[in-house]
Number of protein chains: 2
Amino acid sequence: MVINFQEQAEAMIRRAGDRATSGRVRILALLLAEHRAVTHHEIEDRLSGEHRLDRVTLYRVLEWLNEKCFVHRVVSDDRVWRFRANVETHPHHHAHFECTRCTKVICLDDLKAKYEGPLPAGYRSHEIELTVKGLCAECG
Amino acid sequence: MVINFQEQAEAMIRRAGDRATSGRVRILALLLAEHRAVTHHEIEDRLSGEHRLDRVTLYRVLEWLNEKCFVHRVVSDDRVWRFRANVETHPHHHAHFECTRCTKVICLDDLKAKYEGPLPAGYRSHEIELTVKGLCAECG
DNA sequence: ACGGTGTTGCAACAAAGTTGCGTTTACTAT
DNA sequence: ATAGTAAACGCAACTTTGTTGCAACACCGT
């Protein structure tokens with residue numbers, strides 16, 4: 001299944017009724033092609049070959065993609081945000097695996113996590129995030 | 001139940017066979033008295049009245065407390081570490097509640113979380129962290 | 001009380017992210 | 001196709017959060 005992520009990205013952005021700038025298209029395409037959460041830094045490196053993109057612009061595009069729900073953010077223990085495209089049905093309850101050695105993060109899509117215990121009085125939950133930590137295949 | 005956290009902290013530190021410096025005692029006492037995860041910044045503010053403590057020392061004490069397992073760290077979406085005293089039985093599988101408005105973090109001690117789905121081949125898990133996000137009583 | 005080693009404070013640094021502002025670009029209307 | 005315009009962009013400067021090197025100090029055993 002060969003997909004032109006560039007075109008897919010542009011279509012998604014246009015459907016949202018916003019400007020399809022080259023930066024937005026390239027970044028979203030990159031994230032769509034990736035099957036894991038990627039750091040700002042990695043994206044910057046990846047894009048440095050082509051027409052280079054400013055650090056700040058990258059931050060702003062990522063923030064925008066997040067607002068538009070094309071992407072979501074994950075924070076892991078290294079305190080760095082990672083971004084991942086919201087492909088197909090990616091509901092609000094998702095789990096991540098984080099490798100404690102290489103700090104790589106992947107999404108565990110077949111999630112079966114629940115929080116059973118009660119919350120304190122007056123507390124309301126609307127999202128549950130589960131992170132499994134351990135060693136990935138390369139580091140294990 | 002009135003407890004002298006200062007004395008309790010000092011006893012814990014001495015039992016670990018390390019130097020009971022005033023900074024360590026005061027910080028651990030402060031964390032013991034608290035029933036939630038506290039940021040470096042909050043601690044710094046709280047301590048500013050008494051004999052003031054250097055930022056760096058605070059970081060180093062917190063790191064030391066973490067190594068000694070008197071305390072553990074949590075990272076939430078604001079990318080700031082929070083520290084919480086390891087009172088009694090605080091096993092490696094714990095859940096946190098994070099308020100999406102005020103970013104306060106509390107520990108949910110009665111945890112019933114599991115990850116049922118399979119990990120990719122070669123992956124090994126040794127810690128599961130569950131974060132429930134929502135609104136706390138004050139913000140809800 | 002004294003001395004050695006573990007701690008502290010200061011200053012400088014680093015990484016990640018944010019803000020302000022003038023310039024450029026993508027879309028819209030002609 | 002072209003021009004006008006608001007939205008994006010790039011640059012520079014700044015903030016926040018945490019780290020490192022090193023000299024000065026203080027805790028604890030003797």
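Quick note on labels: first sequence line is chain A, next is B, and so on, each numbered from 1.
Sorted by first and then second residue, the pairs that involve residues 11-25 of chain B and meet side-chain hydrogen bond (donor to acceptor under 3.5 Å, both in side chains), not counting sequence neighbours, are Glu10(B)-Arg14(B), Asp18(B)-Lys68(B).
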Quiz prompt | Worked verdict on Glu63(A) versus Arg73(A) for salt bridge (charged side-chain N to carboxylate O under 4.0 Å, His left out) | solution = CA-CA 9 Å; Glu63(A) 196 187 330; Arg73(A) 284 204 265 227; over 6 Å; no
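Between Phe83(A) and His40(A), the ring center distance fails the sub-6.0 Å criterion.
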Is there any protein nitrogen or oxygen under 3.5 Å from a nitrogen or oxygen in nucleotides 12-17 of chain D, and what are the pairs?
from	atom 1	to	atom 2	distance (Å)
dT17(D)	O3'	Arg79(A)	NH1	3.3

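If you take CD of Glu63(B) and P of dT7(C), they are 12 Å apart, rounded to a whole angstrom. We find that CG of Leu53(A) is positioned 16 Å from P of dG17(C), with the value rounded to whole Å. Rounded to an integer number of Å, the gap from Asp18(B) CG to dT8(C) P is 11 Å. Between the P atom of dG17(C) and the CZ atom of Phe83(A) lies a distance of 7 Å, rounded to the nearest Å. We find that CD of Glu42(A) is positioned 16 Å from P of dA15(C), with the value rounded to whole Å. Rounding to whole angstrom units, CZ of residue Arg73(A) and P of dA16(C) are separated by 15 Å. Between the CZ atom of Arg24(A) and the C1' atom of dA26(C) there is a distance of 10 Å, given to the nearest Å. As a whole-Å value, the separation of Asn66(B) CG from dT19(D) P is 11 Å.
Where Gly23(B) and His40(A) meet DNA chain C, the nucleotide closest to each residue was compared, and Gly23(B) sits on the side nearer the 5' end.
Within 6.0 Å of NE2 on His41(A) lie no more than 12 heavy atoms contributed by other residues, nucleotides or ligands.
Inter-residue side-chain proximity for Val71(B) and Arg84(B) is flagged as unmet; no heavy-atom pair is nearer than 4.5 Å. Looking at Arg26(A) and Leu53(A), their side chains come closer than 4.5 Å, going by heavy atoms from C-beta outward.
Arg82(B) places no side-chain N or O within 3.5 Å of a backbone atom of Val74(B) that could act as its donor or acceptor partner.
Phosphate contact (OP1/OP2 of dT7(C), side-chain N/O of Thr57(B), threshold under 4.0 Å): absent.
Terminal axes of the helix from dA1(C)-dT30(D) to dT30(C)-dA1(D) (five pairs each, C1' rotation axis) are separated by 40°, to the nearest 10°.
Atom-to-atom distance recorded for Trp64(B):CH2 and Thr57(B):OG1 is 13.5 Å, nearest 0.5 angstrom.
Partners of Arg60(A) according to the side-chain contact (heavy atoms from CB on, under 4.5 Å) rule, which considers only residues two or more places apart in sequence or in another chain, are Val56(A). The side-chain contact (heavy atoms from CB on, under 4.5 Å) check on Glu42(A) picks up Arg36(A), Val38(A), Thr39(A), with sequence neighbours excluded.
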Quiz item: With the sugar-phosphate defined as primed atoms, P, OP1 and OP2, and the base as all remaining atoms, what B/S/- string results for nucleotides 22-27 of chain D, 5' to 3', for protein heavy atoms under 4.0 Å?
Solution: ----BB
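Between Tyr123(B) and Phe97(A), the angle of the ring planes goes over 60°, which puts this pair in the perpendicular group of the 30/60° scheme.
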